Amino acid sequence: MMTNNDIAAVFKQIASALELLEANRFRINGYQRVSRVLKDLTEDIAGLVDENSGSAVKRLATFDGIGKGSAEKIVELVTTGKMAEHQELLAKVPAGLFDVLGIPGIGPKAATLMWKDLGITSLADLKARLDSPELARLPRMGAKTIENIKKAIEFREKAGDRVPLGVARPIALRLRDELRNVPGVQRLEFAGSLRRGRETIGDLDFLAACDDPEAIRERFTTLPEVTQVLARGETKSSVRLETGGAVLQADLRIVPQQVYGAALMYFTGSKEHNVRLREIAIKQQRRLNEYGLFEGTEERPQDHGAAPVAASDEESIYVALGLSYVPPELREDRGELDGEPPRLIELTDIQSELHAHTVASDGKMTIDELAECAKRHGYHTLAVTDHSKSSVIAGGLSEERLLAHIDAIREADARMDGIKILAGAEVDILPDGELDYDDEILARLDVVVASPHASLGQDPKTATQRLLRAIRHPLVHIVGHPTGRIINRREGLSPDMNALFEAAVEHDTALEVNANWRRLDLRDNHLRHALEVGCRIAINTDTHRAEQMDFLIYGILTARRAGLTAASCINTWPAEELHAWLGSKR
Ligand code: DGT
Ligand code: CA
Ligand code: CA
Ligand code: ZN
């Protein structure tokens, strides 16, 4: 079944192809608009088309930004799996050129020139020509631009083919539910890095126990997202998936139900965690493998009819080894087997959202809509934090607009029941650490989130000083996405994190785990160190549109990987406690 994101991705690719072909700007904008509108829709388009394709065209065309022509193309795509216009464009533009276009700093004009003038059609081509005088002669290709492109390509290569958690997880959840519908399925979970909540995923690992292994194998290898079956074996099948612009490999392993726990443990990993567990078993004159925990030192005891001490569930295996159950997110061989693991924060512990945007800057919701959204999530407090004036592209607010916005927020708070709406701002930390509003303005805000947005290529020393100034500022509550990194795209700042953490403790400033899966900033290993010195942590979604409030799970998974408990996270505090802490900075 094609998702709205899948359909949006096709329109986005059409727009990119047209840009590369230097088509009419209005036409390009039209496709980009359709792509955006589709992403925002809450109705399931494929479902709509399934019911009646004729009325679906009419219904789709009622959405702002979608004309009758686009509506027909959407129906064509959903019903046939292809769109003629898309296919024609793909035949005209070399596939590798989309990767070139995906490099930050390379716009469509530059990519087209590289293609037409220099014959560059892939990242490999571009890499080979980076030092060539022809490239430097292209318009607006200064030494600095080329240097930035070099860095971006290196960063991309380091990332490899790993897919961000926020792309992989929704796909995996959908496939999991699909596979659970196969008759005879007893257990079906995902394992691997996805279950551990890593920020990027190499491949998806599914583990099944099923009365009818052939049925699950058949379903898995014929899912609509499957573009290639790489292996189809008794115990393991592998496929290549393409959906919503993402390309992923997925493995399915089928095991008997009695050993499901041992297999789940084994295929959840990490490999390093598993090695430790096997060592512990061996010290006890036992053996641990994907079939269970066995007495004795014999290899492959399961082949010799030995019955396992524990195998059916993970917890019983940890307990039989004399260990406490280790949540998957901690299984990275970072000391999680030495003593009792902490009680990790959970999604349901979160009671407030302290970083969110409205239409006043670059958000899609009004104050009221945002507040309704936060209420639906059961929060007692919402901070409205639009951008400050230096974030021009994001529609940052001048002082004058901010003051009017504060009034509007206070008015909404007085009018609405069931939630406290706080007036805040996401204030730019300027390159030298100065904040984007002066103290007199900041003091009027209930919540100040200070974040770096520009000059993210700055050297570590300057970055440290910059962020320290913000952390030490008495009116700042939270430093938002402290490094500014974008997963797989931008390295961001590399300050002395320990210096930041110490200052944050001293000045009682919270550090954010930005839950947007493109950011996850603080990242897990930074957060782990922050917790060691006792930093207060905020987990915020930085919501710009309603569905982004569900990004919270990515922040929670990241936080769990670092060992965060509910008490250290200000978003879990009851209203009184949170408001008192916020007030202590005023
Ligand atoms: P990924 O896919 O790179 O994001 O990371 P994982 O952890 O999902 O790794 P993957 O897919 O290669 O393997 C899934 C799990 O299987 C891994 O976490 C641990 C388990 N495993 C245990 N021993 C081995 C082994 O010898 N080879 C492999 N490939 N996996 C093993
Ligand atoms: Ca994997
Ligand atoms: Ca795998
Ligand atoms: Zn923000």
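Note that ligands are numbered from 1 as they come in the structure, with each ligand's atoms numbered from 1 the same way. Keep in mind the model is a prediction, meaning the values are calculated, not measured. Worth knowing before you read on, the calculation uses all heavy atoms, side chains too, and leaves out hydrogens, waters and symmetry mates.
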field: Taking atom 29 (N) of ligand 1 as the reference point, the nearest protein heavy atom with its distance
entry: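 The answer is Lys271 NZ, 4.9 Å.
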
message: Which residue and atom name correspond to the protein heavy atom nearest atom 3 (O) of ligand 1, and how close is it?
response: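 For atom 3 (O) of ligand 1, the nearest protein heavy atom is Arg162 NH1, 2.9 Å.
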
Name of the [X] N, O or S atom nearest the Ca ion (ligand 3)?
| X | result |
| --- | --- |
| Asp203 | OD2 |
| Asp205 | OD1 |
| Asp251 | OD2 |

Side chain or backbone of [X] under 4.0 Å from ligand 1, or both, or neither, by non-hydrogen atoms?
| X | answer |
| --- | --- |
| Asn274 | side chain |
| Arg196 | side chain |
| Asp203 | both |

- prompt: After noting the C-alpha distance and the side-chain angles of Asp386 and Thr358, does the key distance pass the side chain to side chain donor-acceptor pair (under 3.5 Å) rule?
  reply: CA-CA 6 Å; Asp386 280 296; Thr358 70; 2.7 Å; yes

message: Is the distance between the ring centroids of His481 and His453 under 6.0 Å?
response: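 Yes, the ring of His453 comes within the 6.0 Å limit of the ring of His481, centre to centre.
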
- request: Starting from the Zn ion (ligand 4), look over the N/O/S atoms of Glu426 and name the nearest one.
  value: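 Of all N, O or S atoms in Glu426, the Zn ion (ligand 4) lies closest to OE1.
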
field: Of the N, O or S atoms in Asp542, the one nearest the Zn ion (ligand 4)
entry: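 The atom in question is OD1.
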
field: Under-4.0 Å protein heavy-atom contact, atom 18 (O) of ligand 1
entry: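 Given the 4.0 Å limit, the answer for atom 18 (O) of ligand 1 is yes, a protein heavy atom qualifies.
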
Residue of the set Leu347, Thr558, Thr541 for which side-chain contact (heavy atoms from CB on, under 4.5 Å) holds with Ile553: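 Considering Leu347, Thr558, Thr541, a side-chain contact (heavy atoms from CB on, under 4.5 Å) with Ile553 is found only for Leu347.
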
- prompt: With respect to Leu445, which candidate in Leu422, Ile409, Leu402 satisfies the side-chain contact (heavy atoms from CB on, under 4.5 Å) definition?
  reply: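 So the option named by the test is Leu402.
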
- prompt: Can you name the closest pair of heavy atoms from Ile537 and Asn571 and give their distance?
  reply: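 Between these two residues, the closest heavy atoms are O-OD1, 4.3 Å.
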
- prompt: Of the non-hydrogen atoms in Ser455 and Pro431, which two are nearest, and what is the gap between them?
  reply: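 Scanning both residues, the minimum pair turns out to be OG-CG, 3.4 Å.
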
side-chain contact (heavy atoms from CB on, under 4.5 Å) assessment of Lys375 paired with Cys373: CA-CA 5 Å; Lys375 269 172 78 171; Cys373 183; over 6 Å; no

- prompt: With the threshold set at 4.0 Å, does a side-chain nitrogen-carboxylate oxygen contact exist between Asp333 and Arg276?
  reply: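 So Asp333 pairs with Arg276 through a salt bridge.
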
query: With a 4.0 Å cut-off, would you call Glu199 and Arg523 a salt bridge?
result: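 Looking at Glu199 and Arg523, the cut-off is not met.
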
message: So that I can check it, does any N, O or S atom in His357 come closer than 2.8 Å to the Zn ion (ligand 4)?
response: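 For His357, the answer is yes, given that an N, O or S atom comes within less than 2.8 Å of the Zn ion (ligand 4).
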
- prompt: Does His355 bring an N, O or S atom to within less than 2.8 Å of the Zn ion (ligand 4)?
  reply: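 Looking at His355, which is the residue asked about, there is an N, O or S atom under 2.8 Å from the Zn ion (ligand 4).
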
